[in-house]
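A quick write-up on the structure given underneath.
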Amino acid sequence: MLKVLIPTIMMIPTAWMVNKKWLWMTASSQGLTIAIISLTWMKWEEETGWSSLNSYMATDPLSTPLLVLSCWLLPLMIIASQNHMSMEPTNRQRTFIMLLTFLQAFLILAFSSTEIIMFYIMFEATLIPTLIIITRWGNQAERLNAGTYFLFYTLAGSLPLLVALLILQKDVGTLSMLIIQHTDKEMMSWSSKIWWVGCLVAFLVKMPLYGVHLWLPKAHVEAPIAGSMVLAAVLLKLGGYGMMRILTVLTPLTKELAYPFIILALWGIIMTGSICMRQTDLKSMIAYSSVSHMGLVAAGILIQTPWGFTGAIILMIAHGLVSSALFCLANTNYERTHSRTLLLARGLQMVLPLMTTWWFIASLANLALPPTPNLMGELMIITSMFNWSNLTILLTGLGTLITAGYSMYMFLMTQRGPTPNHIIGLEPSHTREHLLITLHLAPLILLIAKPELMWGWCM
């Protein structure tokens, strides 16, 4: 565990001490080295259970894919932000890289912690660097408003969880994930319906569940590219991961308690998909599609079947890579046309044909084309939902149809049609941008060959 955490923390002095000329190259290559080292976690000696174990941190098949995704994303965020940050003073560039590094360190500690209270602290700590990145380097004047939304939604949702954890500590005497699963569940008699909801609200806000999702499109639209990438790819996954961890600790879920949340999640898939169909803002559209996909993940986790859990993990990893790639592609358009409005930047296929290929692959992955991991995850969740209640096939099926609709709409609006006169003189796409998208989509395509890396401990 420390062989990844220590080099990550050492990126902070690197960012401040390296020569200005080599700053971005050094940061991205060190980040990429850390990401490659993190792949060693994928090798499990044990059939089940925890590995890389010490008193406070460990990996298991549930946390490992998310840990590797977090490590993989840091160099990609640095590569993506290079052009956006090039006009800033050197000290601000160094601060920016330091904040991204802090964020990665907090995420590694959150996903690998074996103490639930440590997970909670790191879950909250990720707010600070993300908030600074959104409010300081966001593009529009609305960014302070978006940061406030982001902060207060997350804090208000997670306070009941803190109270619930303190009471759990008092009743059981431990909050270690290694021990608590073996304790007598009857000791948790306080875990009545209110406490059950209190424990999950923090994670449902973070995912976010439809109804408490208003902070997400605002935060995405106002954030700089690195903020959008880390929000879509990793921070939303903290909610799903936390739900999987906490549900095994709580007393078994009753059907009546699950109903409202599952209905909200499934209804959210259709509502946010419909919102995407009539969006004019490209980043806002990708943000709402994240809410739609996370609704499916929340439903898969809440029915608590092995297939539901496995589908949720696969969809979280696949969505992390695809939505991050879509935000990068949207950013390449924005840097050239200085507009996120779909109507103003059309027909880019004639100007940037290779970028159109990336748009096409990312859009197809987003609508869960076979044999992408997105399809594997969606099929598993839809099957387990259908097994739980036959009626859910109407909602999930319609949701899938709408997803296909807005994904193709997004591709056609940005790439096809006549090129307007005002965007003829665009600069060509850079190798840096092609490398960035390749590093997103190559792992996604390679995972088709070996999906058991992200099955979790359920299969």
Side-chain angles (χ1 to χ4, degrees), residues 1-2 4-5 38 41-42 44-70 105-126 158 160-191 195-196 198-204 206-207 234-235 237-253 297-298 300-302 304-306 308-310 312-313 316-317 454-459:
M1 183 57 65
L2 293 178
V4 169
L5 192 58
S38 75
W41 284 330
M42 288 286 190
W44 291 298
E45 283 79 18
E46 298 86 0
E47 281 296 308
T48 56
W50 302 79
S51 55
S52 310
L53 195 62
N54 65 32
S55 305
Y56 301 104
M57 292 188 291
T59 62
D60 73 337
L62 169 58
S63 60
T64 302
L66 294 161
L67 278 164
V68 174
L69 181 66
S70 308
F106 290 147
L107 284 167
I108 291 172
L109 288 167
F111 284 128
S112 64
S113 63
T114 56
E115 291 280 337
I116 302 178
I117 201 78
M118 177 175 158
F119 169 72
Y120 174 83
I121 292 164
M122 293 305 156
F123 176 84
E124 294 297 331
T126 54
S158 54
L161 174 65
L162 179 62
V163 178
L165 289 180
L166 293 174
I167 294 178
L168 183 60
Q169 167 76 38
K170 181 176 74 70
D171 284 3
V172 182
T174 180
L175 281 177
S176 169
M177 294 178 195
L178 307 172
I179 301 167
I180 206 163
Q181 57 198 354
H182 302 299
T183 54
D184 182 14
K185 289 288 190 289
E186 291 307 306
M187 293 173 74
M188 288 172 245
S189 54
W190 57 269
S191 184
W195 287 120
W196 189 89
C199 280
L200 287 196
V201 160
F203 303 126
L204 289 169
K206 194 76 168 179
M207 283 197 72
V234 190
L235 291 179
K237 313 306 178 275
L238 271 173
Y241 174 78
M243 276 172 73
M244 287 192 199
R245 286 283 186 227
I246 211 92
L247 276 176
T248 54
V249 170
L250 297 172
T251 44
L253 172 58
V297 170
I301 294 169
L302 283 167
Q304 284 190 309
T305 60
F309 266 35
T310 301
I313 300 167
M316 282 198 291
I317 301 298
M454 49 178 183
W455 272 348
W457 29 236
C458 304
M459 296 299 282

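- Taking CG of L161 as the start and OH of Y120 as the end, the distance is 6.0 Å to the nearest 0.5 Å.
- The shortest side-chain heavy-atom distance between K237 and I317 does not fall under the 4.5 Å cut-off.
- Side-chain atoms of S63 do not come within 3.5 Å of backbone N or O of T59 as any donor-acceptor pair.
- From T114, atom OG1 reaches atom CE of M57 across 9.0 Å, with rounding to the nearest 0.5 Å.
- Residues satisfying the ring-ring contact (aromatic ring centres under 6.0 Å, His included) criterion with Y241, sequence neighbours excluded, are F111, F119.
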Side chain to side chain contact (heavy atoms under 4.5 Å, CB included) between L107 and L235: does it pass, once the steps are laid out? CA-CA 8 Å; L107 284 167; L235 291 179; 3.9 Å; yes

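- For S112 (side chain) and A58 (main-chain N/O), no donor-acceptor pair under 3.5 Å exists by modelled atom type.
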For M118 and L175: C-alpha separation, side-chain torsions, deciding distance, then whether side chain to side chain contact (heavy atoms under 4.5 Å, CB included) applies. CA-CA 9 Å; M118 177 175 158; L175 281 177; over 6 Å; no

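- Here the straight-line distance linking atom CG of L238 with atom CZ of F123 works out to 6.0 Å at 0.5 Å rounding.
- The heavy-atom pair separating M243 from A298 by the smallest distance is CE-O, 4.3 Å.
- Considering only heavy atoms from C-beta on, I180 comes within 4.5 Å of L168 through its side chain.
- Taking K206 as the reference, nothing meets the side-chain hydrogen bond (donor to acceptor under 3.5 Å, both in side chains) condition, with sequence neighbours excluded.
- Taking each heavy atom of A105 and L5 in turn, the nearest pair found is O-CD1, 4.2 Å.
- Between S158 and A202, the shortest heavy-atom distance links the atoms CA-CB, 3.4 Å.
- Counting heavy atoms from C-beta on, the side chains of I116 and R245 never come closer than 4.5 Å.
- At a threshold of 4.5 Å between non-hydrogen side-chain atoms, the residues T64 and P61 do not count as touching.
- Side chains of L200 and L247 form a contact here, defined as non-hydrogen atoms less than 4.5 Å apart.
- Considering only heavy atoms from C-beta on, I246 comes within 4.5 Å of L165 through its side chain.
- In this structure, the side chains of M122 and I108 stay at 4.5 Å or more apart for every pair of heavy atoms.
- One finds the CE atom of M207 at 4.5 Å from the CD1 atom of I301 (value rounded to the nearest 0.5 Å).
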Between M244 and I313, is the side chain to side chain contact (heavy atoms under 4.5 Å, CB included) condition met? List the steps. CA-CA 10 Å; M244 287 192 199; I313 300 167; 3.5 Å; yes

Quick one: do L162 and I117 satisfy side chain to side chain contact (heavy atoms under 4.5 Å, CB included)? Show the steps, please. CA-CA 8 Å; L162 179 62; I117 201 78; 4.1 Å; yes

